Amino acid sequence: QVQLVESGGGVVQPGASLKLSCAASGGTLDNHVLAWFRQPPGKEREFVAAMRRSSSNTYYRDSVKGRFTISRDNGKTTVYLQMHSLIPEDSAIYFCAARPGWVIQSQISNTRSYEYWGQGTEVTVSS
C-alpha cells in the first residue's frame, strides 16, 4: 500500500512561487496516475493537475494553466507541483493523489478516480 506525504506549503505574498512535494512510501509511483487537488477554505476539493506515466501527458485546471507544473522525479517516488505567480485564490490545502493503472481522461479530474491520498499541505497567498 502506497502512503503519500505532502510538504512545501506555506504563507507567501501574491506573485511568489512555491514548490510542493509529495513523497511516496510503500511503493513507487511509476505505474500510477498522479494528481494534485486542493480544497479552498469553505469549499469542496477541486482538481488542480494530473499526469500519466509519461510526463508529456499532463492536465490542468484552466485557472492554473501556465502557472503550475506537475512533474515527478526520476526515482518515481516523488511528485511535485511547481507553482508560480500565486494569487490569493490559490490559497487552499493541497493534496496529492495516486491511482495505479489507468484513468480515462474524462475522469482524471474526479476525486473518486484516485485510490491513495496524502494528508495535505496548506498554502496561503496573502499580502
Side-chain angles (χ1 to χ4, degrees):
Q1 176 134 351
V2 173
Q3 289 86 43
L4 303 173
V5 178
E6 302 95 335
S7 61
V11 179
V12 297
Q13 292 189 337
S17 299
L18 273 178
K19 187 173 185 178
L20 305 183
S21 299
C22 174
S25 60
T28 63
L29 300 175
D30 58 333
N31 194 37
H32 291 66
V33 176
L34 307 173
W36 287 92
F37 288 77
R38 67 187 182 188
Q39 188 162 10
K43 297 184 179 181
E44 293 186 353
R45 196 169 297 190
E46 61 187 28
F47 171 76
V48 176
M51 67 182 298
R52 300 190 185 280
R53 277 182 282 178
S54 168
S55 60
S56 62
N57 292 328
T58 56
Y59 308 87
Y60 298 92
R61 73 181 291 109
D62 287 345
S63 64
V64 307
K65 284 179 182 176
R67 300 190 298 122
F68 291 11
T69 302
I70 186 172
S71 63
R72 75 169 91 208
D73 71 331
N74 289 334
K76 298 181 173 60
T77 58
T78 306
V79 58
Y80 303 101
L81 185 67
Q82 177 68 60
M83 306 185 293
H84 294 298
S85 303
L86 285 162
I87 59 177
E89 289 75 18
D90 294 321
S91 297
I93 299 175
Y94 283 71
F95 300 89
C96 65
R99 157 75 180 258
W102 182 261
V103 177
I104 62 173
Q105 185 170 338
S106 64
Q107 295 300 312
I108 210 161
S109 60
N110 190 334
T111 57
R112 298 177 186 176
S113 297
Y114 296 88
E115 184 171 344
Y116 304 113
W117 290 85
Q119 84 292 345
T121 185
E122 188 165 8
V123 173
T124 302
V125 184
S126 174
S127 55

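Everything numeric in this text was worked out from a predicted model, so none of it was measured.
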Inset, instruction - Find out if a path of hydrophobic residues (ILVMFWY) with successive side-chain heavy-atom gaps under 4.5 Å connects Val5 to Leu20. - result: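 In one cluster with Val5: Leu20, no.
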Legend entry - Trp36 reachable from Val125 in the ILVMFWY side-chain graph, under 4.5 Å edges: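 Yes, same cluster.
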Could you state the interatomic distance from [atom1] ([X]) to [atom2] ([Y]), rounded to the nearest 0.5 Å?
{"X": "Leu86", "Y": "Ser126", "atom1": "CG", "atom2": "OG", "value": "12.0 Å"}
{"X": "Met51", "Y": "Leu34", "atom1": "CE", "atom2": "CG", "value": "6.5 Å"}
{"X": "Lys19", "Y": "Met83", "atom1": "NZ", "atom2": "CE", "value": "11.5 Å"}
{"X": "Ser25", "Y": "Gln1", "atom1": "OG", "atom2": "CD", "value": "10.0 Å"}
{"X": "Thr69", "Y": "Leu81", "atom1": "OG1", "atom2": "CG", "value": "8.0 Å"}

Legend entry - Listed once per pair and sorted, the ring-ring contact (aromatic ring centres under 6.0 Å, His included) pairs that draw on residues 72-104, sequence neighbours left out: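 Listed by first then second residue: nothing to list.
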Inset, instruction - Just grab all the ring-ring contact (aromatic ring centres under 6.0 Å, His included) pairs involving residues 104-127, residues at least two apart or on different chains. - result: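 Output for this query lists Phe37-Tyr114, Phe37-Trp117.
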Please output the side-chain donor-acceptor pairs of residues 59-68 that fall under 3.5 Å, not counting sequence neighbours, one pair per line with the distance.
unit_1	atom_1	unit_2	atom_2	d
Tyr59	OH	Arg52	NE	3.0
Tyr60	OH	Ile70	N	2.9
Arg61	NE	Ser63	OG	3.2
Arg61	NH1	Phe47	O	2.7
Asp62	OD1	Lys65	NZ	3.0
Arg67	NE	Ser63	O	3.4
Arg67	NH1	Ser85	O	2.9
Arg67	NH1	Asp90	OD2	2.8
Arg67	NH2	Ser63	O	2.9
Arg67	NH2	Asp90	OD1	3.0
Arg67	NH2	Asp90	OD2	3.3

Compare all side-chain heavy atoms of [X] with those of [Y] and state whether any distance is below 4.5 angstrom.
{"X": "Leu4", "Y": "Leu29", "result": "yes"}
{"X": "Thr111", "Y": "Glu44", "result": "no"}
{"X": "Val79", "Y": "His32", "result": "no"}

Inset, instruction - Could I get the full list of side chain to side chain donor-acceptor pair (under 3.5 Å) partners for Asp73, not counting sequence neighbours? - result: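 With sequence neighbours excluded, Asp73 shows a side chain to side chain donor-acceptor pair (under 3.5 Å) to no residue whatsoever.
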Inset, instruction - Output all residues satisfying side chain to side chain donor-acceptor pair (under 3.5 Å) with Thr28, sequence neighbours left out; order by chain, then residue number. - result: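 Side chain to side chain donor-acceptor pair (under 3.5 Å) check on Thr28 returns Asp30.
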Inset, instruction - Identify the heavy atoms of Ala50 and Ile108 that sit nearest to each other, and give their distance. - result: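 Closest approach of Ala50 to Ile108: CB-CG1, 3.9 Å.
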Legend entry - Shortest non-hydrogen separation from Gly27 to Val2 and the atoms involved: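 Looking at all heavy atoms of both residues, the closest pair is CA-CG2, 4.4 Å.
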Legend entry - Contacts of Asn31 that satisfy side chain to side chain contact (heavy atoms under 4.5 Å, CB included) - sequence neighbours left out: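 Once residues adjacent in sequence are excluded, the partners of Asn31 under the side chain to side chain contact (heavy atoms under 4.5 Å, CB included) criterion are Arg53.
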Legend entry - salt bridge (Lys or Arg N to Asp or Glu O under 4.0 Å) contacts touching residues 98-123 (sequence neighbours left out):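 Salt bridge (Lys or Arg N to Asp or Glu O under 4.0 Å) check on residues 98-123 returns no pairs.
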N/O donor to acceptor pairs below 3.5 angstrom from side-chain atoms of residues 6-16, sequence neighbours left out:
unit_1	atom_1	unit_2	atom_2	d
Glu6	OE1	Gln119	N	2.9
Glu6	OE1	Gly120	N	2.8
Glu6	OE2	Cys96	N	2.8
Glu6	OE2	Gly120	N	3.3

